[in-house]
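Heads up: the structure comes next, in structure tokens.
Values below: all heavy atoms of this structure, side chains included; hydrogens, waters and symmetry mates excluded.
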Amino acid sequence: MANTEEQENLLRKIAVGIAAFLATVSFAASSASAVEDSHTVKESGLLRPAEYPGGAFDTASIKEKSASCSPMTAGRELCVTQESSATNSPRTATASAGVLTEAASNRANELVCSTAPTEYTYERFGSCLGNRPINITELKDGKPVGSALLYVSSRLSLDRAKLSWKESIRVKYESFEGKLTTNTFHIAFTAGCNRSCKMATASPWTGQLSLTPNQTLSGDVEYNVATPNSGFNGGITTNYKINVMQAGTVPVQPNATWSNPRTIRCDDEVSSVPGCVYPHITPELVLPLSTYKEAAATYLFQQQYSDHPLGTKAAPLHRLADLDAQEANRDSTCVVAAEGAVETPELFVRKSSRIPDDSCDEYPFAASVEGGTPGAYCNDVEFELVNGEWIYAQANSTKPLSKEARCSRGHVPLDLNTAAGQELGRLAQAQRMIDFDAYTVRIPA
């Protein structure tokens with residue numbers, strides 16, 4: 001009996017020793033003794049970068065409809081109508097730290113104009129209107145005798161470092177039918193803007209120009225802002241009017257008018273020079289796992305495994321520009337202790353012997369309005385790259401991973417922590433993000 005008991009005790013000690021050894025050397029296994037419930041995340045697991053669709057542009061339809069008729073001679077009228085797009089199917093635009101060159105931006109806008117007729121489409125620094133129909137009907141004694149179709153399109157390019165910008169206007173004579181008195185029209189076009197914006201060049205061409213079937217008129221208008229409308233004090237709206245007349249006649253009123261559905265913000269709060277953006281376009285911070293490794297894994301973990309997936313389209317982050325406020329957020333979340341300290345919920349205990357130059361990388365970022373959650377309420381996570389896949393594990397024995405946690409603290413080499421923060425800073429500058437501007441975070445492979 002004694003021998004049997006001794007053997008059993010020995011086996012128990014061996015089993016305990018093996019378990020302790022495996023818990024130490026097997027990162028993915030971690031300690032499996034924590035109680036799990038519906039709000040608990042497994043103590044270790046695999047991160048899976050989500051597939052993201054290609055970037056798209058935001059769209060908005062012009063809501064105004066207008067119709068006007070200009071009497072020309074006895075019993076003869078020229079009626080001009082414009083029609084709004086039947087649908088307004090918004091798509092989300094993305095703007096990353098890798099800034100498009102002007103040529104690339106123009107090519108992108110040209111592509112959108114050709115594929116989104118009748119709608120305005122937007123990126124952070126530009127918009128275009130694609131083929132807005134202007135319908136012309138000639139009436140004699142109140143009855144239509146012929147019609148013609150014009151298309152108006154435009155491309156507006158904002159400047160991140162100027163308070164002026166240009167918009168290219170294009171009017172194409174698409175087709176006509178019936179027995180028009182003459183199928184040649186004279187076209188005048190005028191652009192305008194409100195608030196502190198004034199027109200440096202209001203018309204894309206001087207006076208009235210004739211337009212015959214299959215011909216196109218084109219030219220530029222130019223806007224200039226005297227005083228930036230910084231912050232959330234309201235935006236600038238651009239507006240347009242077109243006069244269409246037949247040869248030898250004079251219009252009674254502008255035949256068609258409309259406004260850009262989105263407003264422009266010009267600010268002097270970013271860098272040393274003012275500039276202008278479409279503020280409703282949300283910039284996107286792209287941090288690939290292949291480049292930012294443990295740092296990106298920390299952000300992806302919060303987005304995938306928490307009930308608070310911050311930095312997504314549904315729950316974007318917001319820029320916090322104040323450096324003192326950023327530091328206060330960082331101090332609240334990252335209470336850092338030396339390696340070997342006794343773990344408590346609020347402490348972030350460095351693991352420098354396993355993670356070179358280990359640092360606390362908080363998410364949401366300290367430089368965001370959403371940052372600053374006390375560290376005791378954050379998930380503490382560490383990561384390992386195994387066969388090309390990132391494995392996460394509970395890093396603080398006193399805190400099982402929880403879906404309810406509003407933040408994550410990752411064990412991240414300091415150089416990666418710093419690099420990710422610098423990328424956020426570059427995004428803010430490149431996309432003219434002022435205080436409280438929303439942005440999203442995307443973690444591709």
Is a donor on one side and an acceptor on the other found under 3.5 Å between the side chain of [X] and the backbone of [Y]?
| X | Y | value |
| --- | --- | --- |
| N329 | A366 | yes |
| E119 | G130 | no |
| D437 | I434 | yes |
| E362 | R330 | no |
| D220 | K166 | no |
| R124 | V277 | no |
| T291 | L287 | no |
| W205 | I187 | yes |
| R265 | P279 | no |

Practice prompt. Could you walk me through whether F301 and F383 pass the side-chain contact (heavy atoms from CB on, under 4.5 Å) test, one step at a time?
Written response: CA-CA 10 Å; F301 175 83; F383 304 91; 4.2 Å; yes
Worksheet entry | Check against side-chain contact (heavy atoms from CB on, under 4.5 Å), D159 and W165 | CA-CA 6 Å; D159 196 315; W165 65 89; 5.5 Å; no
Quick check: do [X] and [Y] have side-chain heavy atoms less than 4.5 Å from each other?
| X | Y | result |
| --- | --- | --- |
| K293 | W390 | yes |
| L209 | V171 | no |
| D361 | Y299 | yes |
| L317 | V369 | no |
| V381 | L401 | yes |
| P204 | S218 | no |
| T257 | N239 | no |
| E294 | P413 | yes |

Fill in: Member of L310, T440, V441, L47 meeting the side chain to side chain contact (heavy atoms under 4.5 Å, CB included) criterion with Q303
V441
Worksheet entry | Intermediate values then yes/no, side chain to side chain donor-acceptor pair (under 3.5 Å), Y223 and T238 | CA-CA 9 Å; Y223 306 80; T238 59; 4.7 Å; no
Enter the distance from [X]:[atom1] to [Y]:[atom2] here, rounded to the nearest 0.5 Å.
| X | Y | atom1 | atom2 | result |
| --- | --- | --- | --- | --- |
| K403 | N379 | NZ | CG | 10.0 Å |
| R409 | N396 | CZ | CG | 7.0 Å |
| Y278 | Y120 | OH | OH | 7.5 Å |
| E167 | E222 | CD | CD | 12.0 Å |
| S196 | I236 | OG | CD1 | 4.5 Å |
| Q431 | T282 | CD | OG1 | 10.5 Å |

Worksheet item: When the aromatic ring centroids of Y363 and F365 are compared, is their separation below 6.0 Å?
Response: yes
Worksheet item: Centres of the Y305 and Y392 rings: under 6.0 Å?
Response: yes
Discussion item. Whether the H308 and Q302 side chains hold a donor-acceptor pair (N or O, under 3.5 Å, no angle test) is what I'd like checked.
Written reply: no
Item to complete: Examine the side chains of R48 and Q304 and answer whether a donor and an acceptor come within less than 3.5 Å of each other.
Response: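 Q304 and R48 do not have a side-chain donor-acceptor pair below 3.5 Å.
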Please report the shortest heavy-atom distance between [X] and [Y], naming the atom on each side.
| X | Y | value |
| --- | --- | --- |
| Y173 | P213 | CD1-N, 3.3 Å |
| P288 | A296 | O-CB, 3.9 Å |
| L149 | P133 | CD1-CB, 3.9 Å |
| C276 | R432 | N-CD, 4.0 Å |
| I134 | V152 | CG1-CG2, 3.8 Å |
| D435 | R319 | OD1-O, 3.3 Å |

Discussion item. Which residues pass the side chain to side chain donor-acceptor pair (under 3.5 Å) test with N417, not counting sequence neighbours?
Written reply: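 Applying side chain to side chain donor-acceptor pair (under 3.5 Å) to N417 gives S359.
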Worksheet item: Would R350 and H411 satisfy side-chain contact (heavy atoms from CB on, under 4.5 Å), going step by step from the backbone distance to the final call?
Response: CA-CA 8 Å; R350 287 195 178 101; H411 287 262; 5.9 Å; no
Worksheet entry | Y240 vs N260, side chain to side chain donor-acceptor pair (under 3.5 Å): CA-CA, chis, key distance, verdict | CA-CA 8 Å; Y240 312 88; N260 188 326; 4.6 Å; no
Can you establish whether the number of heavy atoms outside [X] located under 6.0 Å from its atom [atom1] is more than 12?
| X | atom1 | value |
| --- | --- | --- |
| K399 | NZ | yes |
| R406 | CZ | no |
| K351 | NZ | yes |

Worksheet item: Restricting to pairs with a member in residues 334-345, which pass side-chain hydrogen bond (donor to acceptor under 3.5 Å, both in side chains), not counting sequence neighbours?
Response: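 Qualifying pairs: E339-S353, E343-S397, T344-E346.
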Item to complete: With side-chain contact (heavy atoms from CB on, under 4.5 Å) as the test, would you mind laying out the steps for T333 and F348 before giving the verdict?
Response: CA-CA 9 Å; T333 301; F348 179 92; over 6 Å; no
